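In this chain, residues are counted from 1 in sequence order. It should be emphasised that the depicted structure is a prediction, and the values quoted were computed from it without experimental measurement.
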Amino acid sequence: MSEAKWYVVHTYSGYENKVKANIEKTIENRKLQEQILEVVVPMQDVVEVKNGANKVTQKKLFPGYVLLHMIMDDDTWYVVRNTRGVTGFVGPGSKPVPLTEEEMLPLGIKQKEIVVDFAEGDTVKVKTGAWKDTVGEIKRIDSNRKTIMIYVEMFGRETPVELGFAEVEKM
């Protein structure tokens, strides 16, 4: 499974919130919550002076653009690209280019930190997937990719299995 990255989608100006709602509805209908994680229209607070009083309003940081935190594959590309109001992904030709961490920092959009209480040597039980109900000992933790490596016995041999943090529970 590849890692989710931030992508930028170009929309018709003024349709950013409508595009966001359409993509979120499609995610729900097609059960793509695991591939398209977040849809954001970046906003900023602007202080306006009206009738001598300061009024704080929110304005779009990038009119005509919507940010998507997603795992890019043919299905997710097709779903987003064919959403009403989307004119295309930002990138050369039709190839989307993900934003770098440095480009994301000024936007104020931070990755949600997953705090886990796993340590190497802990025993865990797999909650989902092909290895459901399998018990194994954690041999390696990769916090960048949010995965752990356990060994399970298969055909009399220990076989390494890589799982996401959300797929296991501590015993």
Side-chain angles (χ1 to χ4, degrees), residues 1-12 15-43 60-118 120 124-134 136 138-152 159-170:
M1 182 172 152
S2 60
E3 190 176 330
K5 293 187 168 75
W6 285 95
Y7 294 90
V8 180
V9 174
H10 188 262
T11 68
Y12 296 121
Y15 282 77
E16 299 88 0
N17 292 328
K18 185 74 172 161
V19 165
K20 178 182 178 191
N22 288 342
I23 291 173
E24 287 172 342
K25 191 179 294 181
T26 304
I27 291 168
E28 189 177 319
N29 291 342
R30 294 190 182 211
K31 300 189 181 3
L32 294 172
Q33 293 88 345
E34 298 292 317
Q35 288 88 7
I36 303 175
L37 308 174
E38 208 172 341
V39 184
V40 178
V41 177
M43 305 291 270
K60 292 180 182 85
L61 194 57
F62 304 111
Y65 295 94
V66 174
L67 299 177
L68 293 163
H69 191 211
M70 63 188 273
I71 298 169
M72 183 62 68
D73 61 23
D74 290 341
D75 293 335
T76 56
W77 179 90
Y78 180 83
V79 165
V80 173
R81 182 64 186 87
N82 290 297
T83 300
R84 183 177 298 199
V86 172
T87 59
F89 280 94
V90 172
S94 63
K95 185 176 182 342
V97 176
L99 294 173
T100 63
E101 286 294 321
E102 294 78 35
E103 292 170 325
M104 290 303 297
L105 286 176
L107 301 179
I109 299 172
K110 295 182 175 47
Q111 297 280 7
K112 291 185 177 114
E113 288 297 317
I114 297 176
V115 179
V116 293
D117 60 347
F118 300 138
E120 290 182 16
V124 293
K125 181 178 179 182
V126 182
K127 297 189 297 188
T128 61
W131 298 101
K132 184 175 180 172
D133 298 328
T134 302
I138 297 176
K139 299 296 182 185
R140 190 176 71 225
I141 299 175
D142 186 343
S143 54
N144 291 335
R145 294 181 53 219
K146 296 177 180 49
T147 61
I148 62 166
M149 177 76 68
I150 65 170
Y151 283 91
V152 297
T159 305
V161 176
E162 188 175 65
L163 301 162
F165 287 167
E167 297 177 73
V168 296
E169 61 186 4
K170 193 172 180 179

Novice: Mind checking the OH-OG1 spacing from Y78 to T83? Nearest 0.5 Å is all I need.
Specialist: 10.0 Å
Novice: Working note: I23 + V80, criterion side-chain contact (heavy atoms from CB on, under 4.5 Å); need CA distance, chi angles, decisive distance, verdict.
Specialist: CA-CA 7 Å; I23 291 173; V80 173; 4.3 Å; yes
Novice: Verify whether the ring centers belonging to F89 and H10 lie closer than 6.0 Å.
Specialist: no
Novice: Do you know the tightest heavy-atom contact between N17 and V41?
Specialist: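 That would be OD1-CG2, 3.7 Å.
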Novice: Taking the side chain as C-beta and beyond, is there a heavy-atom pair between K127 and V168 under 4.5 Å?
Specialist: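 No - every pair of side-chain heavy atoms lies 4.5 Å or more apart.
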Novice: Given the rule in the salt bridge (charged side-chain N to carboxylate O under 4.0 Å, His left out) test, do E120 and K139 qualify, once you have shown the distances and angles that lead to the verdict?
Specialist: CA-CA 5 Å; E120 290 182 16; K139 299 296 182 185; over 6 Å; no
Novice: Please tell me if the side chains of M72 and K5 come closer than 4.5 Å, counting only heavy atoms from C-beta onward.
Specialist: no
Novice: Counting only heavy atoms not in K25 (residues, nucleotides, ligands), do more than 12 fall under 6.0 Å from its NZ?
Specialist: no
Novice: Report the C-alpha distance between E3 and I71 in whole Å, list the side-chain angles of each, state the deciding distance to 0.1 Å, and finish with yes or no for side-chain contact (heavy atoms from CB on, under 4.5 Å).
Specialist: CA-CA 6 Å; E3 190 176 330; I71 298 169; over 6 Å; no
Novice: Got a second to check how far K20's NZ is from T11's OG1, nearest 0.5 Å?
Specialist: 13.0 Å
Novice: So which heavy atom on W131 is nearest to which on V152, and how close?
Specialist: CZ3-CG2, 3.5 Å
Novice: Provide the closest heavy-atom pair for Q33 versus E28 in the form atom of the first, atom of the second, distance.
Specialist: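 So the two residues come closest at NE2-CA, 3.9 Å.
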Novice: Might you point out which heavy atoms bring I150 and G136 nearest each other, and give the distance in Å?
Specialist: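 Looking at all heavy atoms of both residues, the closest pair is CD1-CA, 4.2 Å.
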Novice: Do R140 and I148 have side-chain heavy atoms sitting under 4.5 Å apart?
Specialist: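 Of all side-chain heavy-atom pairs linking I148 with R140, none is under 4.5 Å.
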Novice: Tell me, please, which residues at least two apart from R84 pass side-chain contact (heavy atoms from CB on, under 4.5 Å).
Specialist: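 Partners of R84 under the side-chain contact (heavy atoms from CB on, under 4.5 Å) test: N22.
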Novice: Report the C-alpha distance between L67 and L99 in whole Å, list the side-chain angles of each, state the deciding distance to 0.1 Å, and finish with yes or no for side-chain contact (heavy atoms from CB on, under 4.5 Å).
Specialist: CA-CA 10 Å; L67 299 177; L99 294 173; 4.0 Å; yes
Novice: Compare all side-chain heavy atoms of V9 with those of L68 and state whether any distance is below 4.5 angstrom.
Specialist: yes
Novice: Of all the heavy-atom pairs spanning E103 and P98, show the shortest one and how long it is.
Specialist: OE1-O, 4.3 Å
Novice: Determine whether T159 and Y151 make a side-chain contact, defined as any pair of heavy atoms from C-beta on separated by less than 4.5 Å.
Specialist: no
Novice: Just checking, any donor-acceptor pair under 3.5 angstrom between side chains of T76 and D73?
Specialist: yes
Novice: Would E16 and K18 satisfy side-chain contact (heavy atoms from CB on, under 4.5 Å), going step by step from the backbone distance to the final call?
Specialist: CA-CA 5 Å; E16 299 88 0; K18 185 74 172 161; over 6 Å; no
Novice: Can you tell if the side chain of L163 reaches within under 4.5 Å of the side chain of V126, non-hydrogen atoms only?
Specialist: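 A side-chain contact exists here, since the closest heavy-atom pair is under 4.5 Å.
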Novice: Give, for atom OH of Y7 and atom CE of M70, the distance between the pair rounded to the nearest 0.5 Å.
Specialist: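 If I round to the nearest 0.5 Å, the distance is 7.0 Å.
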Novice: If we only count heavy atoms from C-beta on, is the K132 to K125 side-chain gap below 4.5 Å?
Specialist: no
Novice: Which distance, rounded to the nearest 0.5 Å, do you find between the CD of E162 and the OG1 of T147?
Specialist: 4.0 Å
Novice: Of the non-hydrogen atoms in V97 and P92, which two are nearest, and what is the gap between them?
Specialist: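 Closest pair (atom of V97, atom of P92, distance): CG2-CD, 3.4 Å.
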Novice: Mark yes when over 12 heavy atoms from residues, nucleotides or ligands other than D74 sit less than 6.0 Å from its CG; otherwise mark no.
Specialist: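 Atom CG in D74 is not crowded, with 12 or fewer foreign heavy atoms closer than 6.0 Å.
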